[in-house]
Amino acid sequence: MGSYDHREIEKKWADRWFEEKTYQAKDFSDKPKKYILAEFPYPSGNALHAGHMMRYTVPDVYARYLRMKGYNVLFPMGWDAFGLPAENFAVKSGIHPAITTKKAIESYRVSMRKMGYGIDWEREIDTTDPNYYKWTQWLFLKFFQQGLAEYREMPIWWCEQLKTVLSDEEVLTDKDGNKISERGEYPVERKLLKQWVLKITKYADKLLEGLDQIEFPEAIKSAQRSWIGRSYGANVSFSVNGTKLEVFTTRPDTIFGVTYMAISPESPILETLLRSAVNTEEVTEYIEESKRKSDLEKLKSKDKTGVQLEGVFAKHPFTGENIPLFVADYVLMDYGTGVVMGVPAHDERDFDFAKKLGIKIIPVIETPKDFEGKLYTGSGKMINSAEYNGLDSQDFSEKVIKRLEKEGIGKRETQYKLRDWIFSRQRYWGEPIPLIHTHDGEILSICDIDDPKDVDAKLPLRLPDVPDYTPSSDGASPLERNKEWVNTTDNEGNPARRETNTMPNWAGSCWYFIRFVDPKNSESFADVEKMKYWLPVDKYFGGAEHTTMHLLYSRFWYKFLFDQGLVPNQEPYMWRMNGGLLLGPDGTKMSKSKGNVVEPMDIVENYGADALRACICFLGPYTDTYPWNINGIKSTWRLMKNIHDFHQKVKSANAEISSENVLRALNKLIFNVSSMIESLKMNTAVSEVMIFMNSVKDSGEISQDSWMKFLKVLAPLAPFLAEELWHNISGQETSIHLQPWPEVEARYLESEQIIIPVQINGKVRAEVTFNRALSDDEVKAMILEDQTVKKHIGTSELKKFIYVPGKIANIVL
RNA sequence: GGGCGAGUGGCGGAAUGGCAUACGCUGCAGACUUAAAAUCUGCUGACCGCAAGGUCAUGAGGGUUCAAGUCCCUCCUCGCCCACCA
């Protein structure tokens, strides 16, 4: 062994681990299982990018540690390979997305091996592989069979640039309040289109309640909760000329404060109401104008607009009073019923509106003193509410609901912000939806999913080749143009058309973690016994951007499958951590145009994967975002080189037994690194290794036995170097990564001599050294005898003497 | 506007209520070298002091405690998520 040559070492072991299947996870074992999962990547470009090494390094260190701790560890990897970049590239270059995807996957696989990730490559999956999407299609058909997939016309987001519809979750709001696409940040607009939806709203309650059973960071839980947005209240019918005008309210208790009704300009109800109004023209004009307004203009909340439907009134359900009707664009069509009962006394928006349009304001809840002269939206004692005056508003709320239900003019109601999931896309590179439209307008599954023979014969429905991937502006999928594929027949031989929309790129990732359990199964999406053994995922690492998308979608699929008796638990992931980002050296997001992109494979080439892994871990906690600093990798490279160089010394001039100091350092290392990896604090684990090396270098020697224990501790962090040195010194054939984690010898964690600081009035003034064997009283006496302590006490009287055994003493004067 | 989280040296960060600033980077001084790089040694929160030592510092202010970066209250700033959701 000469000088530290990471290239040679890493090449050798990357290949051997792969050939020897070192990281294979065994189905069923006496060992306890751990399923460690990091979100699989979308393969694009030449190699793994900087974000991936942040994402995967910490989970890999953790998985390696658990393996050595005696767990049967599943740490799989696959490719989420359907999606727009490959397709857009195909449009430009004419190269089939399958080809570019395959190339990207190959280079990703190579770079993951170079990074030393301990992946079970036998379980690799690819969402674009027909053997995989066969089961994505089968699962979709399960939703369809159970009535949870529906072809429905509704207002949805259309992105002209991407030429496809998008789900609610895929639409973001930019700084100026404009709606944009999550991918590409292009403008999106509302369109009324007929699309496939998965009824995720049916699972809103289960998705909410499940959050209480799993360990997700509070930020994720609250983001999912607010995305689902459940609110309790009531639907109330107001009668208008004999027809019903229904509203949803969370505050039935304010019903006597209703002084107007406001209707969304988009509401279909307006058509009828307009006929009764005397100012049709004025109202129509307002409706037209509001259509032209952007969301941003409408959002200026203090500037509410609206116009009265003159000559039409609603009847108050309790008082029978006439209530004026308004069309107002602050009322949203896609929440509640698109109609609001206006209670200006106790709702901020209604208050702004009423002020602007001079509508009367009737307070119905007594205003507490602190709120005098201000808008009060809280609860309290009822006033101006007929026979209910004096009641507590919350009790009254219940009474109102009961009365509404009794009189048949309303009912208890729960509303959600969550919308059903738009599940069809007008793009090529996705899973074909395995349905046909018959000539008489029926929609049928292409196979009987409960008949294995039929499933085998009809699925997968392969994505056909098309000469042209270009999407069209009219909302037709590129598949539409392939008439040969589109035109088919139903079971009776009648002509039928295939569904030409494809699934969104989220489809494959909704269940990939299930497939890892049994990736080659051709009879079902996964074997029940294997699912029972491996699922749920114990630790799930991923990106914050998936909080209300992938993470919500896959929980939904899993809960549905549980209800169908197809998976063994109610939640797919028991624990979740979101990872941060790696920024360019200038502290801004890496981008090719800014020229601040760091290529992981360049760093692996120059400094080695071990140094890079340690550097990534050493940056700080997994959840945070850091700028890349080249000095970081230099310092961890030095650490690797120091370890490598010291190894020569251990081999040639070894000590029979390590010194007391070294043994203490070693056991402290084992103890600390164990707990740090367990709590995923890889940054301090790396510093423990540095501290150990510093102290070993000071001692100058260490026994081979101690050194081998050290190499085991090093193994999860720097798997290549640890493996190389292990084989060099141990004479063993078995990989270090399959060795048991070293045990702590507790006696080396405590030394004979204890040094404790002594505080006087809360300030450290002295240190006292004593033998562990001394009793507390003896120690106290020693402290009071100490010269420095005596000096500080002087002639003062002791008020208090606190001694925390082995920790600290505090003398209060 | 609402929800969640965070504020510690020049920088990344460490600290079960018990010696704040571990570990690393940067910087400075020195050794080696013709020189540089690399490497090694020492110093590196601020202030006072020749030193011993002392004073002040964890966003600001208050509180609880023998003891607070850590717990409680008020405020400020930043980040993320949601946002006219009735």
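From a predicted model like this one, the values you see are computed outputs, not experimental measurements. Hydrogens, waters and symmetry mates are skipped; everything else that's a heavy atom, side chains included, is used. Sequence lines set the chain letters: A, B, ... in the order given, protein chains first and strands last, and positions in each chain run from 1.
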*Which nucleotide in B:A22, B:A86, B:G18 has an atom nearest any side-chain atom of A:Thr250*: B:A86

_Candidate pair A:Phe541 and A:Trp575, rule ring-ring contact (aromatic ring centres under 6.0 Å, His included), full reasoning_ = CA-CA 9 Å; A:Phe541 298 85; A:Trp575 181 100; 5.5 Å; yes

*Which base sits across from B:A29 as a Watson-Crick or G-U pair, both distances under 3.5 Å?*
B:U41

*Which base, if any, makes a Watson-Crick or G-U wobble pair with B:U34, both distances under 3.5 Å?*
none

*Taking the side chain of A:Arg638 as heavy atoms from C-beta outward, which of B:C4, B:C25, B:A86 is closest to it?*
B:C25

*A:Glu169 side chain to A:Trp421 side chain, donor-acceptor N/O pair below 3.5 angstrom*: no

_Taking only the C1' atom of each, what is the distance from B:U77 to B:U8 in whole angstrom?_
15 Å

*Which is true for A:Val331 with a 4.0 Å heavy-atom rule: it touches a base, it touches only sugar-phosphate, or it touches nothing?*
base

*Indicate the ring-plane relationship of A:Phe256 and A:Phe318, choosing parallel, tilted or perpendicular according to the 30° and 60° boundaries.*
tilted

_Whole-angstrom distance between B:A6 and B:A67, as gauged at atom C1'_ = 26 Å

*Have a look at A:Val340 and say if it touches a base, only the backbone sugar-phosphate, or nothing, with a 4.0 Å heavy-atom cut-off.*
base

*asked:* Counting only Watson-Crick pairs (N1-N3 plus N6-O4 or O6-N4) and G-U wobbles (N1-O2, O6-N3), all under 3.5 Å, who is the partner of B:G7?
replied: B:C76

_With nearest nucleotide decided by heavy atoms, which residue, A:Asn683 or A:Ser222, maps closer to the 5′ end of RNA chain B?_
A:Ser222

*Distance between the P atoms of B:C11 and B:U16, in whole angstroms?*
23 Å

*Counting heavy atoms from C-beta on, name the nucleotide in B:G24, B:C23, B:A83 closest to the side chain of A:Ile691.*
B:C23

*Sticking with atom C1', work out how far B:U58 lies from B:A20, rounded to a whole angstrom.*
7 Å

*Syn or anti for B:G9, taking syn as within 90° of 0?*
syn

*Sugar-phosphate, base or nothing in reach of A:Lys641, heavy atoms under 4.0 Å*: nothing

*Out of B:C19, B:U26, B:C23, which nucleotide sits closest to the side chain of A:Asn631?*
B:U26

*Between B:G59 and B:G9, how far apart are the P atoms? Round to whole Å, please.*
7 Å

_I'd like to know if A:Lys411 and A:Glu413 make a salt bridge, using a cut-off of under 4.0 Å between side-chain N and carboxylate O._
yes

*Answer with base, sugar-phosphate or nothing: what part of the nucleic acid does A:Lys681 contact at a heavy-atom distance below 4.0 Å?*
sugar-phosphate

*Please list residues of residues 610-627 of chain A whose heavy atoms come under 4.0 Å from any atom in RNA chain B, ordered by number; otherwise none.*
A:Phe618, A:Leu619, A:Pro621, A:Tyr626

*OP1, OP2 of B:G12 versus side-chain N and O of A:Asn629: anything below 4.0 Å?*
no

*Under 3.5 Å on both distances, the Watson-Crick or G-U partner of B:U55*: B:A46

*Given that both distances must come in under 3.5 Å, which nucleotide forms a Watson-Crick or G-U wobble pair with B:A68?*
none

*asked:* Please compare A:Thr548 and A:Asn642 by the position of their nearest nucleotide in RNA chain B and report the one closer to 5'.
replied: A:Asn642

*asked:* With a 4.0 Å cutoff (strictly under), does any side-chain N or O of A:Ser231 reach OP1 or OP2 of B:A86?
replied: yes

*Hunt down the Watson-Crick or G-U wobble partner of B:G1, both distances under 3.5 Å, from any strand shown, or write none.*
B:C82

*Minimum side-chain heavy-atom gap A:Val197-A:Met154 below 4.5 Å*: yes

*Could you give the distance separating B:A68 and B:C80 at their C1' atoms, to the nearest angstrom?*
28 Å

*Will you find, in the side chains of A:Tyr286 and A:Thr305, an N or O donor that is under 3.5 Å from an N or O acceptor?*
yes

*Less than 4.0 Å between a side-chain N and a carboxylate O, is that true for A:Glu688 and A:Lys681?*
no

_C1' atoms of B:U70 and B:C19, separation to the nearest Å_ = 16 Å

*Does A:Glu215 pair with A:Lys221 as a salt bridge, N-O distance under 4.0 Å?*
no

*Could you label the plane-to-plane angle of the A:Tyr803 and A:Phe770 rings as parallel, tilted or perpendicular, counting under 30° as parallel and over 60° as perpendicular?*
perpendicular

Between the protein and nucleotides 66-74 of chain B, which nitrogen or oxygen pairs are less than 3.5 angstrom apart?
unit_1: B:C66; atom_1: OP1; unit_2: A:Lys800; atom_2: NZ; d: 2.9
unit_1: B:C66; atom_1: O2'; unit_2: A:Asn810; atom_2: ND2; d: 3.0
unit_1: B:C66; atom_1: O2; unit_2: A:Asn810; atom_2: ND2; d: 2.8

_With rounding to the closest Å, how many angstrom separate the C1' atoms on B:A31 and B:A38?_
14 Å

*May I ask you to say what A:Asp350 touches in the nucleic acid, namely base, sugar-phosphate or nothing, with a heavy-atom cut-off under 4.0 Å?*
nothing

*Does a salt bridge link A:Lys807 with A:Asp776, judged by any charged N lying under 4.0 Å from a carboxylate O?*
no

*asked:* Can you identify which nucleotide, out of B:C19, B:C82, B:C56, has its nearest atom closest to the A:Trp227 side chain?
replied: B:C82

*Take A:Tyr330 and A:Asp350, measure what side-chain hydrogen bond (donor to acceptor under 3.5 Å, both in side chains) needs, and give me the verdict at the end.*
CA-CA 9 Å; A:Tyr330 82 91; A:Asp350 296 350; 2.8 Å; yes

*Provide, to the nearest angstrom, the distance between the OH atom belonging to A:Tyr416 and the P atom belonging to B:A86.*
13 Å

*Base, sugar-phosphate, or nothing: which does A:Arg765 touch, judged by heavy atoms less than 4.0 Å apart?*
sugar-phosphate

*Examine A:Arg576 relative to A:Tyr540 and say whether NZ or CZ is less than 6.0 Å from the centre of the six-membered ring and inside a 45° cone about the ring axis.*
yes

*What is the nucleic acid contact for A:Glu767, judged by heavy atoms within less than 4.0 Å: base, sugar-phosphate only, or nothing?*
base

_Expressed as a whole number of angstroms, how long is the span from A:Leu172:CG to B:C82:P?_
7 Å

